Amino acid sequence: MPELPEVETLRRQLNEIIVGGTIICTRVLDQRIGNIDGLSKRKVMSVERHGKRLKIVLDGDIEVLFHLRMTGRLYWSADNELQPPHLRFVMTFSSGRLFLIDPRRFATVSVRARENQCLAGRDAWMRWDPAVLEDASRGRKRPVKSFLMDQDVIAGIGNIYACEILFRAGIHPCRKACDVSQAQWSRIAESMTAVLSEAVSCRGTTFSDWRDLFGNKGEYQNRVHVYGRKDQACRHCGSTIQRTAIGGRGTFFCPHCQAL
DNA sequence: CCCTATGTTCCCAA
DNA sequence: CTTGGGAACATAGG
């Protein structure tokens with residue numbers, strides 16, 4: 001269930017392995033994926049990421065776009081016999097095979113011409129001018145947490161990192177986006193960079209499903225301050241971490257460090 | 001049986 | 001137009 005740091009981890013690992021390689025063939029094992037044609041003999045030019053989307057850029061200005069949604073995984077195998085459960089798509093190289101595995105079958109794969117840029121929001125893992133966030137939030141009465149998770153505004157932040165970013169910034173997740181002050185947007189901008197950078201360094205957060213390209217867990221679960229910590233003591237002030245729901249998603253916060 | 005789940009999209013109602 | 005809620009997608013785990 002990858003968010004930006006998990007997808008970035010996969011991008012880095014794939015970049016080391018498949019750039020310069022040539023696709024021998026592809027195979028779709030789940031018709032829900034749809035037809036993926038015309039990739040054989042194409043060379044991998046680069047592996048890129050935008051928000052939670054991963055792009056394998058091929059020669060001929062074609063790109064393969066992956067979105068892993070909730071339970072999608074990418075796994076690299078040099079074993080020619082291996083066929084794991086829930087295997088949905090395979091991309092074969094001379095050096096090994098790239099698997100898309102997904103029990104819930106929500107993940108998507110598509111092929112398109114390289115240039116058409118998606119209209120989605122700017123990537124979360126870059127320097128954000130607080131004024132841009134403030135402008136975008138003007139008149140928005142929705143909770144600031146929903147605002148941070150809106151992929152059309154900021155691409156890449158999901159439920160775990162939204163909770164962690166707001167904790168670091170000291171802002172209650174239920175606060176209306178339009179009521180967040182200029183100083184608070186500055187703290188949010190700083191927290192986005194800091195939290196996402198640390199999570200990328202940790203190769204993501206493994207509470208249950210997340211594994212990297214080689215099946216390894218991430219480490220950021222050992223560093224979270226609020227996510228999944230209901231009824232535990234806040235690492236800063238000792239208050240009891242609370243859980244509520246925003247947009248149907250579990251939302252964790254410290255009532256003292258993140259006063260409304 | 002119940003509830004929850006790191007995502008997205010769609011419909012409906014206020 | 002904005003927003004939230006609920007359902008849908010399909011499955012595993014506590």
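Predicted, not measured: the structure shown is a model, and the values here were computed from it. Letters A, B, ... mirror the listed sequences (proteins, then strands); counts begin at 1.
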Which whole-number value in Å describes the distance from [X] [atom1] to [N] [atom2]?
X        : N      : atom1 : atom2 : answer
A:Met70  : C:dT11 : CE    : P     : 14 Å
A:Phe106 : C:dA8  : CZ    : C1'   : 8 Å
A:Ile246 : B:dT6  : CD1   : P     : 13 Å
A:Arg104 : C:dG13 : CZ    : C1'   : 11 Å
A:Arg249 : C:dA7  : CZ    : C1'   : 14 Å
A:Asp209 : B:dG7  : CG    : P     : 12 Å
A:Phe207 : B:dG7  : CZ    : P     : 13 Å
A:Met149 : B:dT8  : CE    : P     : 8 Å

Quick one: label [X] by what it contacts on the DNA or RNA (base, sugar-phosphate, nothing), any heavy atom closer than 4.0 Å.
X        : result
A:Thr108 : nothing
A:Gly72  : nothing
A:Arg73  : nothing
A:Gly247 : sugar-phosphate
A:Pro5   : nothing

Out of [options], which has the shortest distance to the side chain of [X]?
X        : options              : value
A:Arg32  : C:dA10, B:dG7, C:dT3 : C:dA10
A:Arg243 : C:dT3, B:dG7, B:dA5  : B:dA5
A:Lys52  : B:dT8, B:dT6, C:dT3  : B:dT8
A:Arg105 : C:dT11, C:dT3, B:dT6 : C:dT11
A:Lys141 : B:dG7, C:dT3, B:dA5  : C:dT3
A:His67  : C:dT11, B:dG7, C:dT3 : B:dG7
A:Met1   : C:dA12, B:dT6, C:dG4 : B:dT6
A:Pro103 : C:dC9, B:dG7, C:dA12 : C:dA12

Mind checking who B:dT6 pairs with, Watson-Crick or G-U wobble, both distances under 3.5 Å?
none
Just name whichever nucleotide pairs with C:dA10, Watson-Crick or G-U, keeping both distances under 3.5 Å, else none.
none
Is it the case that the side chains of A:Trp125 and A:Thr193 hold a donor-acceptor pair, with the cut-off being a distance below 3.5 Å and no angle test?
no
Is there a donor-acceptor contact under 3.5 Å linking the side chains of A:Glu6 and A:Tyr220?
no
According to a strict under-4.0 Å criterion, is [X] in side-chain N/O contact with OP1 or OP2 of [N]?
X        : N      : result
A:Lys176 : C:dT3  : no
A:His86  : C:dA10 : no
A:Tyr161 : B:dT6  : no
A:Arg140 : C:dT3  : yes

[M] and [N], which share atom name [atom1], separated by this distance in whole Å:
N     : M     : atom1 : value
B:dC2 : C:dA7 : P     : 14 Å
B:dT8 : C:dC1 : P     : 24 Å
C:dG5 : B:dA5 : P     : 15 Å
B:dT6 : C:dT3 : P     : 22 Å

Does CZ in A:Arg127 sit with more than 12 non-hydrogen atoms of other residues, nucleotides or ligands closer than 6.0 Å?
no
State which residue, out of [options], fulfils the side-chain contact (heavy atoms from CB on, under 4.5 Å) condition with [X].
X        : options                              : value
A:Ile157 : A:Leu4, A:Ile165, A:Asp150, A:Val195 : A:Ile165
A:Arg12  : A:Val47, A:Val7, A:Val200            : A:Val200
A:His67  : A:Thr108, A:Leu54, A:Val109          : A:Thr108

Cation-pi geometry met for A:Arg122 and A:Trp128 (6.0 Å, 45°)
yes
